[in-house]
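Only heavy atoms go into these numbers, but all of them, side chains included; no hydrogens, no water, no symmetry mates.
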Amino acid sequence: MRRDMCHEIPLSRPDIGALEEQLVLQALRSGRLSIGPMVDEFEQQVAARAGCRFGVAVNSGTSGLHLAMRALNIGPGDQVITTPFSFIASSNAILFTGATPVFVDICPRTMNMDPAKVERAITPKTKAILAVETFGNPAYMDQYRAIAARQEIALIEDCCEALGTRHRERPCGSFGRVGVFGFYPNKQVTTGEGGMIVTDDERLAELCRSMRNQGRPLHWRSGQTPSGTSAPSFASWLKHERLGYNYRLSEINAALGVAQMRRLDSIIERRQQVAEQYISRLAGHRHLILPTIDPETFMSWFVFVVRLEASYTAEERERVLNGLRAHDIGCGDYFPCIHLQPFYREQFGFEPGMFPIAESLSHRTIALPFHNELSPREIDCVCQTLDLLIGRENLSKR
Ligand SMILES: *Cc1c(COP(=O)(O)O)cnc(C)c1O
């Protein structure tokens, strides 16, 4: 392989254009940098996309999950069923409340929790199911929803990776009692840092709205805030009705989000093109398993993750990742299992072997470069390099 075969190809890259610059500048010049019209508009846009009545913007997806959990009154002694194959925040948010995460293993095809195992994990202490649309795939969401309804527990949808995805015309964000999106720069839509809680439950939305804002009353009038231009009255601004946090999203970040949401359809379409190019280039590869998407799912691609077939070891996958990096191709090992993270092992005594499907998959995944500006030539270069590196592993196996 020649070193100059490709230039540097990042794993991810936000798509920031003229509209984003214009709206951020508008926010900066407005004199209102927090709690203003950009946040309002962003909340309406995301709620509408998610098919929900209410949106509550927060400063990260993790904060959103924490507030959703608190609003559902989940706390010490409660159990929440969730997946070990996810970004750590989905499970950490359960720990923030003092509740216990109960992991269940996943299905290899979809990488989401096995619905039968979810059902079996339910105990009298189970307060909720926290389901993640892994890599944006909404598989089994309707089944989790049915289980939660039957058991009279809440379904919390961690849809941080699924903005714009629909299954049988139901948008992600609307499967659960409450859904949470994240807007870190590698997501389909970014605000730099940010998140959004979506729900049809007005009471729950209001609780989240209060808790993101230091537990302030729900109905303090705008114009009373120190961020406004009119003389503020601090009467209700300094009243705190419940334990709250500062999880507010700034107007600057929200402006970025408003611009991104206006362009969402074209962002999703562009990402679909990139995914299709990868699929047509890698389909039929003898040693790779590609993502499988239900024909009834309209996919908003978050990342493009392939995996080596079952005979490959973690060490072999590591060498392939290092090889890609040595060729300036960004890649990732999404996701190391949450239960095997040092903190979880120490705190809860988790050991390898407890969730064998998640563990086996997590040792073989390869997240390939995936962003809106990836050219067919770059995709070709990534696939060619990947193929050569896998071939090298196969040679050394003999
Ligand atoms: C991105 C993400 C989050 C939220 O991350 P933040 O960085 O806090 O915005 C939560 N859960 C999952 C599954 C994610 O991918």
In the structure I gave you, are the side-chain heavy atoms of [X] and [Y] within less than 4.5 Å of one another anywhere?
{"X": "Leu368", "Y": "Leu282", "answer": "yes"}
{"X": "His7", "Y": "Asp328", "answer": "no"}
{"X": "Leu324", "Y": "Ile366", "answer": "yes"}

Show the numbers, then the answer: is there a salt bridge (charged side-chain N to carboxylate O under 4.0 Å, His left out) between Arg263 and Glu20?
CA-CA 10 Å; Arg263 297 173 48 225; Glu20 282 78 358; 2.5 Å; yes
If only side-chain N and O atoms count, and only distance matters, is there a donor-acceptor pair under 3.5 Å linking Thr123 with Gln79?
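Result is yes, a qualifying pair exists.
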Taking salt bridge (Lys or Arg N to Asp or Glu O under 4.0 Å) as the definition, give me every residue that meets it alongside Arg120, ordered by chain and number, with sequence neighbours left out.
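By the salt bridge (Lys or Arg N to Asp or Glu O under 4.0 Å) rule, Arg120 matches no residue at all.
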Identify whether Phe87 and Val132 are in the same connected component of the hydrophobic contact network (ILVMFWY, side-chain heavy atoms under 4.5 Å).
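Different hydrophobic clusters.
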For the hydrophobic clusters of this structure (ILVMFWY residues joined by side-chain heavy atoms under 4.5 Å, transitively), does one cluster hold both Phe355 and Ile357?
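They do share one cluster, since a chain of ILVMFWY contacts under 4.5 Å joins Phe355 to Ile357.
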When you check the gap from the basic side-chain N to the acidic O, do [X] and [Y] get nearer than 4.0 Å?
{"X": "Asp142", "Y": "Arg170", "result": "no"}
{"X": "Arg166", "Y": "Glu169", "result": "yes"}
{"X": "Arg109", "Y": "Asp294", "result": "no"}
{"X": "Arg212", "Y": "Glu43", "result": "yes"}

Hey, could you give me each pair passing ring-ring contact (aromatic ring centres under 6.0 Å, His included) that has a residue in [range]? Not counting sequence neighbours.
{"range": "residues 356-392", "answer": "none"}
{"range": "residues 239-267", "answer": "His66-Tyr245, His66-Tyr247, Tyr245-Tyr247"}
{"range": "residues 252-271", "answer": "none"}

Pair up each side-chain donor or acceptor in residues 173-184 with any protein partner under 3.5 Å, not counting sequence neighbours, and list the distances.
| from | atom 1 | to | atom 2 | distance (Å) |
| --- | --- | --- | --- | --- |
| Ser174 | OG | Pro171 | O | 2.6 |
| Arg177 | NE | Asp201 | OD2 | 3.3 |
| Arg177 | NH2 | Asp201 | OD2 | 2.9 |

Quickly, which of Ile268, Ile267, Val274 forms a side chain to side chain contact (heavy atoms under 4.5 Å, CB included) with Arg270? Name it, please.
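Only one option passes, and that is Val274.
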Which residue pairs pass the salt bridge (charged side-chain N to carboxylate O under 4.0 Å, His left out) test with at least one member in residues 54-80, sequence neighbours excluded?
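Non-adjacent pairs meeting salt bridge (charged side-chain N to carboxylate O under 4.0 Å, His left out): Asp78-Lys127.
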